[in-house]
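In what follows, a single structure is set out as structure tokens and then discussed.
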There are 2 protein chains.
Amino acid sequence: MKTTGKEDIRSHCAVNYGVEVFGDRWSLLIIRDIVFVGKKTYGEFLKSEEGIATNVLASRLAFLEEQGILSRAPSPDDGRKDFYTLTEKGLDLIPVVLNIVLWSAKHDSKSYVRGAKEFLARLSRSPMQTSEKVKTLVRNGGCLFPESR
Amino acid sequence: MKTTGKEDIRSHCAVNYGVEVFGDRWSLLIIRDIVFVGKKTYGEFLKSEEGIATNVLASRLAFLEEQGILSRAPSPDDGRKDFYTLTEKGLDLIPVVLNIVLWSAKHDSKSYVRGAKEFLARLSRSPMQTSEKVKTLVRNGGCLFPESR
DNA sequence: CTCATTACTTGCAAATAGCAAGTGAAAGTA
DNA sequence: TACTTTCACTTGCTATTTGCAAGTAATGAG
């Protein structure tokens, strides 16, 4: 996956576009960290459970910004930090992420979902409505489970 | 991504499980080919628009079978061929794939979807119901756009 | 002014992807 | 039956990507 320069896109099939933009081992985990626990900075993403490497994180953040999924803004009260947030295009990935959660919850007995019971029940009852709610929540600076940060 | 032996799983977060199983540059395209145009054999997958390498295809098919997403059975009328089909676990990925399609259609002006207009309209009106219909169709050996094979 | 933090970059080794050229078994053809 | 083709891979090699460890420059805190 390139992070700069010209794109060499394999096809314009709609499935392939998604795969090319976020179909790697880290992008969706970054988005997860924003949506579920409200992470915003490089340092917070770096502390993810899965242990992303520093250079890989840097290139993913740059790529996702370049693709218009994340936007970056300087932290108001710490000049060293930037806050990464989801753009509308990024927020629109929430249904994708939540459908993955639903799939994993069904097919991987070891999978856990934060706030599992209630949230999962609501999600599987009405995935699209739940997605919309979550989208609004995150758009307004919130996240699903702020306490578990 | 390993295709054999012991798994070293990064975490049991539900998002991560999905990423580890189908979060690469090819898996979802194989599933797309099954769901959209009804491909079944190694040779058919190999002819995909995006041009997967022979060894990569072989290892992905093996991995997806190992993960219980694809099942493999000898072709009834040609001893050289195997037919790959989606298991129930694989069929359950259809909502994920269709939500990706919806996202790409919205955010990539160059994206095309086979049978675009009608199907996309139906999909965006009621994604989950459409997913269920498609799941049933594919489970019974059909696919969305058999003509475009 | 000094030291810790933060967000990176750089260099290198290991793993993975991609390409071209086999290989072996089954199918089609004469 | 022998010969050729098709099919589903495997093998060997190179190129790209990932991952780790060790920097580094720019704040911020004391």
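Within every chain, numbering begins at 1; the chains are lettered A, B, ... in the order of the sequence lines, protein sequences first and strands thereafter.
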Report the distance from atom CG of B/Leu57 to atom C1' of C/dT16, rounded to the nearest whole Å.
16 Å
For residues 50-57 of chain A, please give each side-chain donor-acceptor pair under 3.5 Å, one per line with the distance, not counting sequence neighbours.
| residue | atom | partner | partner atom | Å |
| --- | --- | --- | --- | --- |
| A/Glu50 | OE1 | A/Arg32 | NH2 | 2.8 |
| A/Glu50 | OE2 | A/Arg32 | NH1 | 2.8 |
| A/Glu50 | OE2 | B/Ser11 | OG | 2.7 |

Interatomic distance, B/Arg25 CZ vs D/dT16 P [rounded to whole Å]
14 Å
Between P on C/dC8 and CZ on A/Arg60, what's the gap in Å once rounded to a whole number?
15 Å
Using a strict heavy-atom distance below 4.0 Å, which residues from residues 68-85 of chain B are in contact with DNA chain D?
B/Arg72, B/Arg80, B/Lys81, B/Tyr84
Out of D/dA21, D/dC9, C/dA7, minimum distance to the side chain of A/Thr54 belongs to D/dA21
Flag, side chain of A/Gln129 to backbone of A/Ser126, donor-acceptor distance under 3.5 Å
no
In whole Å, I'd like the distance from the CG atom of B/Asp24 to the C1' atom of C/dG18.
14 Å
B/Lys47 or A/Gly51, whichever maps to the more 5' nucleotide of DNA chain D
B/Lys47
Can you tell me which residue pairs pass the ring pair (Phe, Tyr, Trp, His ring centres under 6.0 Å) test with a partner in residues 86-108 of chain B, sequence neighbours excluded?
A/Tyr17-B/Trp103, A/Phe22-B/Trp103, B/Trp103-B/His107
Counting heavy atoms from C-beta on, name the nucleotide in D/dA8, C/dC8, D/dT10 closest to the side chain of A/Ala58.
C/dC8
Rounded to whole angstrom units, what separation is found between the CG atom of A/Leu46 and the P atom of D/dA21?
13 Å
Quickly work out the A/Phe45 CZ to C/dT6 P distance and round it to whole Å.
15 Å
In whole Å, what is the span from the CG atom of B/Asn55 to the P atom of C/dG22?
16 Å
When you check the side-chain N and O atoms of B/Asp78 and B/Ser75, is any donor under 3.5 Å from an acceptor?
no
How many whole angstroms separate atom CH2 of B/Trp26 from atom C1' of C/dC19?
13 Å
Ignoring hydrogens and angles, tell me if any N or O in the side chain of B/Asn16 forms a donor-acceptor pair with the backbone of B/His12 under 3.5 Å.
no
Would you mind checking if B/Glu132 and B/Lys135 are paired as a salt bridge, meaning a charged N to carboxylate O distance below 4.0 Å?
yes
Measuring centre to centre across the rings, with the benzene-like ring taken for any Trp, is A/Phe119 within less than 6.0 Å of A/Phe145?
yes
Which residue, A/Tyr42 or B/Ile52, contacts DNA chain C at a nucleotide closer to its 5' end, judged by nearest heavy atom?
A/Tyr42
